[in-house]
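Treat the numbers as computed from the prediction; the structure is a model and nothing was measured.
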Amino acid sequence: MVKIFIDGAVRDLTADEQAEYEARNTAWENASTTRKLAEIKQIRLQKLKETDYYALQDVTMSNEMKTWRQSLRDIPANHTDETAYDALLARDSDGNLTHSVWSKP
């Protein structure tokens, strides 16, 4: 049974409170994949923004850069499950993303 702290006192949750608590936890856990994909899309957007200037008319974009930017745009189609999302979000001890898709050419 989960305890709750209200008005300076600790008590057990009522049956209704416990059911609501468990439902919220289940909903949170079930949305894990959605949250991870949202984070991946945010990182992808940032990476694309960092290289948008290559798409200007007076800048020549290398084929490697074109391929890399396309691979970023293809992430949702090419990585479709939570295991793939975990790999994309993996970080080293310094907090840097480790998946090769994030490495700019």
Exercise. In Å, rounded to the nearest 0.5 Å, how long is the span from CD of E82 to CG of L37?
Worked result: 11.0 Å
Seminar exercise, completed: What one should report as the nearest heavy-atom pair of T98 and R91 is CG2-C, 3.7 Å
For this session: Drop me the distance from W102's CH2 to R44's CZ, to the nearest 0.5 angstrom.
Result: 8.0 Å
Problem set entry | Cluster check L89, L45: I/L/V/M/F/W/Y, side chain < 4.5 angstrom | no
Exercise. Any side-chain donor paired with an acceptor under 3.5 Å for D74 and Q70?
Worked result: yes
Exercise. In terms of hydrophobic clustering (I, L, V, M, F, W, Y; side-chain heavy atoms under 4.5 Å; direct or indirect links), are V10 and L13 co-clustered?
Worked result: no
For this session: Would you verify whether the NZ or CZ of R35 falls within 45 degrees of the ring axis of W28 while also being under 6.0 Å from that six-membered ring's centre?
Result: yes
Problem set entry | Student check: side-chain heavy atoms of N25 and Y21 closer than 4.5 Å | yes
Problem set entry | Non-hydrogen side-chain atoms of H99 and H79 separated by less than 4.5 Å | yes
Exercise. Is it the case that one hydrophobic cluster holds both L48 and L97, taking links as side-chain heavy atoms less than 4.5 Å apart, direct or via other members?
Worked result: yes
Exercise. If we only count heavy atoms from C-beta on, is the W68 to T51 side-chain gap below 4.5 Å?
Worked result: yes
Problem set entry | Exam field: side chain D92 to backbone D94, donor-acceptor pair closer than 3.5 Å | yes
Exercise. Are the side chains of I75 and V101 in touch, meaning some heavy atoms are under 4.5 Å apart?
Worked result: yes
Exercise. Within a strict 4.5 Å, meaning less than it, do heavy atoms of the K47 and K104 side chains meet?
Worked result: no
Problem set entry | Beyond-backbone contact of R11 with F5, side-chain heavy atoms, under 4.5 angstrom | no
For this session: Identify whether the distance between the nearest side-chain nitrogen and carboxylate oxygen of R24 and E20 falls below 4.0 Å.
Result: yes
Exercise. Side chains of Y54 and K66: closer than 4.5 Å at any heavy-atom pair?
Worked result: no
Exercise. Taking C-beta and beyond as the side chain, do L88 and I43 meet within less than 4.5 Å on heavy atoms?
Worked result: no
Seminar exercise, completed: So CG of N78 and CZ of R73: to nearest 0.5 Å the spacing works out to 12.5 Å
For this session: Please indicate whether K41 has more than 12 foreign heavy atoms, meaning atoms of other residues, nucleotides or ligands, lying under 6.0 Å from its NZ.
Result: no
Exercise. Stepwise, does the side chain to side chain donor-acceptor pair (under 3.5 Å) test hold for Q46 with Q42?
Worked result: CA-CA 6 Å; Q46 183 60 40; Q42 184 62 36; 5.2 Å; no
For this session: Would you name the heavy atoms of A77 and T80 that are closest together and state the gap between them?
Result: O-CG2, 3.5 Å
For this session: Report the C-alpha separation of D52 and R69 in whole Å, then their side-chain angles, then the decisive distance to 0.1 Å, and conclude whether the salt bridge (Lys or Arg N to Asp or Glu O under 4.0 Å) test is met.
Result: CA-CA 9 Å; D52 275 349; R69 287 173 54 88; 3.2 Å; yes
